[in-house]
Colleague: 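Pasting a structure below so you can have a look.
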Amino acid sequence: MMTDRRLGDPDSNEMGFEAIGRSTMSNNKKSTIAGLINATLALQAPSPRLPTAKDKGVLQDLRFRQRELGRAKREVQEAQQKLNSIKMESVRRLTSGVAHVFNNLLTPIKGYSELLLKWAGPADPLRRCAEQISKAADCAASVICQLQAFAGRQMRVPKLLDLNAVLADMTPRLRQLIGEQVELITLWGLELRRVKADPAQIEQVMMNLVLNARDAMPHSGQLTTETANIELHETDIDPRVRARPGAYVMLAVTDTGCGMDRETQSHLFEPFFTTKDQSKGMGLG
Ligand SMILES: Nc1ncnc2c1ncn2[C@@H]1O[C@H](COP(=O)(O)OP(=O)(O)OP(=O)(O)O)[C@@H](O)[C@H]1O
Ligand SMILES: [Mg+2]
C-alpha cells in the first residue's frame with residue numbers, strides 16, 4: 001500500500017503524519033489504520049544504532065562550542081567586574097574629595113556658631129539663630145562621616161574580636177533603634193571563632209542594616225541577628241565577591257519587612273541608590 005511504503009521510510013516522519021491525516025479523512029478499513037499506527041510508532045521510536053564517526057564529530061564540536069561559550073561568558077563577567085570596580089573607585093575618590101572640602105568649610109561654621117552661643121546672653125534673639133546654625137552643622141558633620149565611611153577613608157583598627165560579644169554590647173542600642181513595634185531575636189552560635197575586624201566598622205554596618213530593617217517594618221515585624229561558624233566552598237562564593245574558600249564566621253541580619261523587588265536588588269550595592277525620601281536616605285547605608 002502506498003501509505004505503508006511512505007511510513008516505512010525512516011527519513012520521512014513528515015510524510016507519515018500526512019498519511020495518517022489522509023487515511024482518517026477517508027476512513028478506510030480498520031486494518032489499514034492499525035497498519036498506519038504501527039508504522040508511525042516504529043518511526044517515533046527508531047531502533048538504536050551505534051554512533052557513526054560523523055555523530056562523534058558533531059558531539060565533539062558541540063562540546064568545544066560549549067566550552068568556548070563558558071569561557072566567553074566568564075570573560076564578560078570579569079570585564080564587567082573590572083569596570084564596576086573602576087567606577088566605584090572613581091565615585092569613592094570624588095566622594096572623599098567632596099567630604100574633605102565640606103569638612104574644611106564646616107570647621108569655621110561650627111566654630112563661629114559656638115562662639116556666638118558663648119557670647120549671646122540667654123535672652124539674646126541671636127542665640128536662637130546660633131543654635132540653629134550649630135544644629136545644622138552637626139547634621140552636616142554626620143553626613144560627612146557617612147561619606148568618609150563610604151569612601152573608605154576612615155581609619156581602620158582591626159583586632160581579634162568575638163562577634164557575639166560585640167553584638168551583646170550593641171543590642172540595647174539596636175533595640176532602641178528599631179523601636180518597640182519590632183521584636184528582636186538573637187541566634188548567636190556557640191564557640192564562635194574569632195575574627196579580625198575593626199569593631200567600629202562592625203557597629204556601623206550593624207547600625208545601617210538595622211536602620212534599613214526598621215524602615216522596612218514601620219508597623220511591626222521581627223529582626224533577627226545571627227552568627228555561626230561556616231565553611232565556604234568554591235561553589236558557595238558569588239563571583240562578584242573577592243573571597244577564598246575556607247572557614248568563615250557568618251553575621252546575618254534578617255527582617256520580616258517589605259523586602260526588595262528585583263529592580264531594587266539590582267541596584268543594592270550602588271552608592272547613592274535609595275528608594276527613600278531625600279530627607280530620609282542618601283543610599284549610603
Ligand atoms: N532590609 C531592607 N528591606 C527592604 N528594602 C531594603 C532593605 N535594605 C535596603 N533596602 C532598599 O535598598 C535601598 C538602598 O539601601 P541603602 O541602605 O543603601 O540606602 P538608604 O537606606 O535608602 O539610605 P541611607 O542608608 O543612606 O539612609 C533602600 O532605599 C531600600 O529601598
Ligand atoms: Mg540604609
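Everything quoted here is computed from the prediction, not taken from an experiment. When a ligand or atom number is given, it counts from 1 through the structure's own listing order.
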Colleague: Between Leu223 and Arg214, is there a side-chain heavy-atom distance shorter than 4.5 Å?
Modeller: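 The answer is no; the side chains never approach within 4.5 Å.
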Colleague: Check Asp255 against Ala216 and note the closest heavy-atom contact, atom names and distance.
Modeller: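 Between these two residues, the closest heavy atoms are OD1-CB, 4.3 Å.
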Colleague: Take Asp261 and Thr264 through the side chain to side chain contact (heavy atoms under 4.5 Å, CB included) test and state the conclusion after the steps.
Modeller: CA-CA 5 Å; Asp261 58 20; Thr264 304; 2.7 Å; yes
Colleague: I need the nearest protein heavy-atom contact for atom 21 (O) of ligand 1: residue, atom name and distance, please.
Modeller: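 Going atom by atom, the protein heavy atom closest to atom 21 (O) of ligand 1 ends up being Lys276 NZ, 2.6 Å.
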Colleague: Begin from the C-alpha positions of Phe272 and His267 and carry the test side chain to side chain contact (heavy atoms under 4.5 Å, CB included) through to its verdict.
Modeller: CA-CA 10 Å; Phe272 305 109; His267 295 290; over 6 Å; no
Colleague: Can you name the one residue among Thr256, Val182, Ile178 that meets side-chain contact (heavy atoms from CB on, under 4.5 Å) with Gln222?
Modeller: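 With Gln222 as partner, side-chain contact (heavy atoms from CB on, under 4.5 Å) holds for just one option, Thr256.
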Colleague: Purely on distance, is any nitrogen or oxygen of Thr274 under 3.5 Å from one on ligand 1?
Modeller: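 By distance alone, the answer is yes.
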Colleague: Check whether any N, O or S atom of Asn212, backbone or side chain, sits closer than 2.8 Å to the Mg ion (ligand 2).
Modeller: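 Under 2.8 Å: Asn212 contacts the Mg ion (ligand 2) through an N, O or S atom.
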Colleague: Among protein heavy atoms, which lies nearest atom 3 (N) of ligand 1, and at what distance?
Modeller: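 Sorting protein heavy atoms by distance from atom 3 (N) of ligand 1 puts Ala216 CB, 3.3 Å first.
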Colleague: Look at atom 16 (P) of ligand 1 and say which protein heavy atom is nearest, naming residue and atom and giving the distance to 0.1 Å.
Modeller: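 So the nearest neighbour among protein heavy atoms is Gly285 C, 3.9 Å.
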Colleague: Do the side chains of Met206 and Met170 get nearer than 4.5 Å, heavy atoms only?
Modeller: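 Yes, side chains in contact.
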Colleague: Report the nearest protein non-hydrogen atom to atom 14 (C) of ligand 1: residue, atom name, distance rounded to 0.1 Å.
Modeller: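 Going atom by atom, the protein heavy atom closest to atom 14 (C) of ligand 1 ends up being Phe273 O, 3.4 Å.
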Colleague: I'd like the name of whichever of Met260, Met207, Glu270 reaches closest to atom 7 (C) of ligand 1 through any heavy atom.
Modeller: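 Heavy atom nearest to atom 7 (C) of ligand 1 belongs to Met260.
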Colleague: Are side-chain N/O atoms of Glu114 and Ser134 paired as donor and acceptor at under 3.5 Å?
Modeller: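 Short answer, yes.
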Colleague: In Å, rounded to the nearest 0.5 Å, how long is the span from OG1 of Thr95 to CD of Gln146?
Modeller: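 Between Thr95 OG1 and Gln146 CD, I get 11.5 Å after rounding to 0.5 Å.
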Colleague: At less than 4.0 angstrom from any non-hydrogen atom of Thr275, what atoms of ligand 1 do you find?
Modeller: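 Once the distances to Thr275 are compared, the set is 28 (C), 29 (O), 30 (C), 31 (O).
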Colleague: Counting heavy atoms only, which part of Leu211 comes closer than 4.0 Å to ligand 1: side chain, backbone, both or neither?
Modeller: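 Answer for Leu211: neither.
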Colleague: Can you find a non-hydrogen atom of Gly259 under 4.0 Å from ligand 1?
Modeller: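 So Gly259 counts as touching ligand 1.
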Colleague: Considering non-hydrogen atoms of the protein only, which is the closest contact for atom 9 (C) of ligand 1, and what is the distance?
Modeller: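 Atom 9 (C) of ligand 1 sits closest to the protein heavy atom Asn212 ND2, 3.6 Å.
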Colleague: For atom 19 (O) of ligand 1, what is the nearest protein heavy atom, given as residue, atom name and distance?
Modeller: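 Protein heavy atom with the smallest distance to atom 19 (O) of ligand 1: Gly283 CA, 3.1 Å.
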Colleague: Number the atoms of ligand 1 from 1 as they appear, then name those within less than 4.0 Å of a heavy atom of Leu268, with their elements.
Modeller: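 Answer, ordered by atom number: 12 (O).
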Colleague: How far is atom 27 (O) of ligand 1 from its nearest protein heavy atom, and which residue and atom is that?
Modeller: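 I find the closest protein heavy atom is Gly281 CA, 3.4 Å.
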Colleague: Provide the number and element of each atom of ligand 1 under 4.0 Å from a heavy atom of Asp255.
Modeller: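 Result: 1 (N), 2 (C).
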Colleague: Hey, does the side chain of Asp55 reach the backbone of Thr52 with a donor-acceptor pair shorter than 3.5 angstrom?
Modeller: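 Looks like yes, one N/O pair under 3.5 Å.
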Colleague: Under a 4.5 Å cut-off applied to non-hydrogen side-chain atoms, are Met250 and Thr227 in contact?
Modeller: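 Sidechains of Thr227 and Met250: no contact.
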